[in-house]
Number of protein chains: 2
Amino acid sequence: MRLSKRERQKKLQLALEHEPFLTDEEMARRYGVSIQTIRLDRMELGIPELRGRIKHMAEKNFDHVRSLYPEEVIGQVTELKLDHSAVSELEIREEHVFARHQIARGHHLFAQANSLAVAVVDAELVLTATASIRFVRPVKLGEKCVAKAKVTQVSPSRTQVDVQTYVMDETVFQGIFDVYRSKEDQ
Amino acid sequence: MRLSKRERQKKLQLALEHEPFLTDEEMARRYGVSIQTIRLDRMELGIPELRGRIKHMAEKNFDHVRSLYPEEVIGQVTELKLDHSAVSELEIREEHVFARHQIARGHHLFAQANSLAVAVVDAELVLTATASIRFVRPVKLGEKCVAKAKVTQVSPSRTQVDVQTYVMDETVFQGIFDVYRSKEDQ
DNA sequence: TACTGAATTAGTACTTGGTACTAACACGTG
DNA sequence: CACGTGTTAGTACCAAGTACTAATTCAGTA
């Protein structure tokens with residue numbers, strides 16, 4: 001057996017997200033299995049056929065052109081005191097969650113916190129150096145995450161920022177960010 | 001004659017711009033002509049068939065939407081051994097960097113590593129619990145980040161995954177992920 | 001009115017990328 | 001040995017076409 005069934009299916013799923021234009025034939029060739037096996041895999045994974053996938057993509061972008069474009073800060077900044085504190089809000093939408101169980105992917109919470117930590121520091125060049133983070137509880141579709149950043153330490157080239165993210169008054173995420181700052185301190 | 005040939009062709013062309021998902025059959029029905037007439041019209045106007053049109057639309061928007069859309073794994077998975085190791089590649093593009101100095105935002109590197117750490121674990125429900133990360137050196141526009149994940153510890157409900165990300169053979173990011181895993185391990 | 005050329009329709013064979021289904025085989029394990 | 005899982009093979013069928021040939025219709029004119 002070249003690959004276990006689970007591995008093949010996982011790879012298949014991932015490959016299709018990246019290259020949705022693959023035919024069953026091409027996938028069968030890639031994994032060295034028969035076309036029927038690929039079809040069975042798609043069935044089990046609930047992946048529609050090539051034309052369905054293509055059509056879905058085309059439709060999706062045709063009528064509602066989503067503009068979730070590279071934002072400077074992930075989420076909406078509601079408070080900002082440079083080198084002191086900041087707050088941002090992020091509502092968890094479809095594009096943030098795992099389709100299966102509607103739980104937000106960790107890196108979106110991280111992105112909200114990280115970009116806020118970077119934004120609160122007043123310098124030309126600000127980069128995250130290290131971070132220690134904790135996902136306290138899963139966040140679900142529709143919940144609003146309020147991230148609160150506080151600057152806790154400042155040294156010549158580093159700033160430490162603590163971020164706590166809440167849903168209502170429950171903590172869902174904690175992070176300590178050690179942020180590098182260029183000397184042209186503005 | 002219901003409509004002159006010229007009129008029909010003009011209408012057809014305009015209709016397709018607005019509703020590119022029409023089949024020849026549907027158009028034939030609408031204009032009260034045979035399917036062959038519609039096909040001849042498309043030939044003369046140089047309009048490709050339905051599938052070609054759909055595919056073209058999907059392709060056009062694919063590159064654009066790709067980086068913004070919920071991918072299971074950020075970057076392209078090149079190796080995957082479930083519960084053992086995995087590798088993914090991510091090329092740093094415009095949308096990943098700070099416009100000012102062309103340095104990648106930390107959360108994209110995090111996202112690549114985090115999603116890989118989650119993907120390598122073989123379970124129904126996998127969530128990041130905690131992580132300790134370090135951005136070793138800034139990554140610039142155009143660089144290709146290769147993230148290598150290794151499972152280092154497995155306990156009943158947790159898996160520890162270490163991720164190192166390289167540009168060429170230089171480490172740019174390190175992360176230790178403690179990942180929660182649901183018991184329905186199969 | 002008959003004729004002609006353009007326009008239209010009809011019909012066949014073939015293609016792609018599948019679905020849906022049935023049957024057979026391979027093999028690892030109790 | 002039988003059993004189940006996984007895999008492969010093969011058939012009939014489908015949508016939405018292409019490519020091609022042939023027949024029919026129609027409009028305007030000699």
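All values reported here derive from a predicted model rather than from experimental measurement. Chain letters run A, B, ... following the sequence lines, proteins first, then strands; residues in each count from 1. What's counted below: heavy atoms across the whole structure, side chains too, no hydrogens, waters or symmetry copies.
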J.: What's the CG-P distance between L45(A) and dG6(D), to the nearest Å?
T.: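 Nearest whole value for this atom pair: 13 Å.
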
J.: For E91(B), check salt bridge (Lys or Arg N to Asp or Glu O under 4.0 Å) against everything at least two apart and list the hits.
T.: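 Testing E91(B) for salt bridge (Lys or Arg N to Asp or Glu O under 4.0 Å), a comparison that skips the adjacent residues, returns none.
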
J.: Let me know the distance between CG of L40(A) and P of dT19(C), rounded to the nearest Å.
T.: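 Distance, rounded to whole Å: 10 Å.
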
J.: CD of E7(B) versus C1' of dA7(C): gap in Å, rounded?
T.: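 It is 15 Å, rounded to the nearest whole Å.
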
J.: Salt bridge (Lys or Arg N to Asp or Glu O under 4.0 Å) with R134(A): which residues, sequence neighbours excluded?
T.: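 If we apply the salt bridge (Lys or Arg N to Asp or Glu O under 4.0 Å) test to R134(A), skipping adjacent residues, there are no hits.
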
J.: Does anything in residues 117-143 of chain B form a ring-ring contact (aromatic ring centres under 6.0 Å, His included)? List the pairs, not counting sequence neighbours.
T.: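 Found F135(B)-F173(B).
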
J.: Could you tell me which residues satisfy salt bridge (Lys or Arg N to Asp or Glu O under 4.0 Å) with E170(B), sequence neighbours excluded, listed by chain and number?
T.: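 For E170(B) the salt bridge (Lys or Arg N to Asp or Glu O under 4.0 Å) partners, ignoring immediate neighbours, are R137(B).
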
J.: How would you list, by chain and number, every residue that makes a side-chain hydrogen bond (donor to acceptor under 3.5 Å, both in side chains) with S34(A), sequence neighbours excluded?
T.: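 Expected list: T37(A).
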
J.: Name the pairs: protein N/O against N/O of nucleotides 11-18 of chain C, kept only if under 3.5 Å.
T.:
{"from": "dG11(C)", "atom 1": "N7", "to": "Q36(B)", "atom 2": "NE2", "distance (Å)": "3.3"}
{"from": "dT16(C)", "atom 1": "O2", "to": "R51(A)", "atom 2": "NH2", "distance (Å)": "2.6"}
{"from": "dG17(C)", "atom 1": "O4'", "to": "R51(A)", "atom 2": "NH2", "distance (Å)": "3.3"}
{"from": "dG17(C)", "atom 1": "N2", "to": "R51(A)", "atom 2": "NH1", "distance (Å)": "3.4"}
{"from": "dG17(C)", "atom 1": "N3", "to": "R51(A)", "atom 2": "NH1", "distance (Å)": "2.8"}
{"from": "dG18(C)", "atom 1": "OP1", "to": "L50(A)", "atom 2": "N", "distance (Å)": "2.7"}
{"from": "dG18(C)", "atom 1": "OP2", "to": "D24(A)", "atom 2": "N", "distance (Å)": "3.0"}
{"from": "dG18(C)", "atom 1": "O5'", "to": "D24(A)", "atom 2": "OD2", "distance (Å)": "3.4"}
{"from": "dG18(C)", "atom 1": "O5'", "to": "R39(A)", "atom 2": "NH1", "distance (Å)": "3.4"}

J.: Run the salt bridge (Lys or Arg N to Asp or Glu O under 4.0 Å) test against E79(B) and tell me which residues pass, sequence neighbours left out.
T.: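 Expected list: none.
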
J.: Starting from the first five and the last five pairs of the helix from dT1(C)-dA30(D) to dG30(C)-dC1(D), work out the angle between the resulting helix axes, to 10 degrees.
T.: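 Between the axes fitted at each end of the helix from dT1(C)-dA30(D) to dG30(C)-dC1(D) lies an angle of 30°.
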
J.: Is E89(B) salt-bridged to K148(B), going by a charged N under 4.0 Å from an acidic O?
T.: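 Salt bridge between E89(B) and K148(B), a charged N being under 4.0 Å from a carboxylate O: no.
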
J.: Atom CD1 of I35(B) to atom C1' of dA10(C): distance rounded to whole Å?
T.: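 In whole Å, dA10(C) C1' and I35(B) CD1 are 12 Å from each other.
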
J.: In whole Å, I'd like the distance from the CD1 atom of I54(B) to the P atom of dA15(D).
T.: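 Taking atom P of dA15(D) as the reference, CD1 of I54(B) is at 15 Å.
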
J.: Please determine whether a side-chain nitrogen of the Lys or Arg among K150(B) and D162(B) lies less than 4.0 Å from a carboxylate oxygen of the Asp or Glu.
T.: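 D162(B) and K150(B): not salt-bridged.
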
J.: Could I get the full list of side chain to side chain contact (heavy atoms under 4.5 Å, CB included) partners for R29(A), not counting sequence neighbours?
T.: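 Residues passing side chain to side chain contact (heavy atoms under 4.5 Å, CB included) with R29(A): E26(A).
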
J.: Does R8(A) reach a base, just sugar-phosphate, or nothing at all? Heavy atoms under 4.0 Å.
T.: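 R8(A): backbone/sugar contact only, no base atoms under 4.0 Å.
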
J.: Please report, rounded to the nearest Å, how far the P atom of dT9(C) is from the OH atom of Y31(B).
T.: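 So the two atoms are 14 Å apart, to the nearest Å.
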
J.: Between atom CZ in R6(B) and atom P in dA7(C), what is the gap in whole Å?
T.: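 Rounded to whole Å, this separation is 10 Å.
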
J.: Output yes when at least one side-chain N/O atom of T37(A) is less than 4.0 Å from OP1 or OP2 of dT7(D), else no.
T.: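 T37(A) to dT7(D) OP1/OP2: no side-chain N or O under 4.0 Å.
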
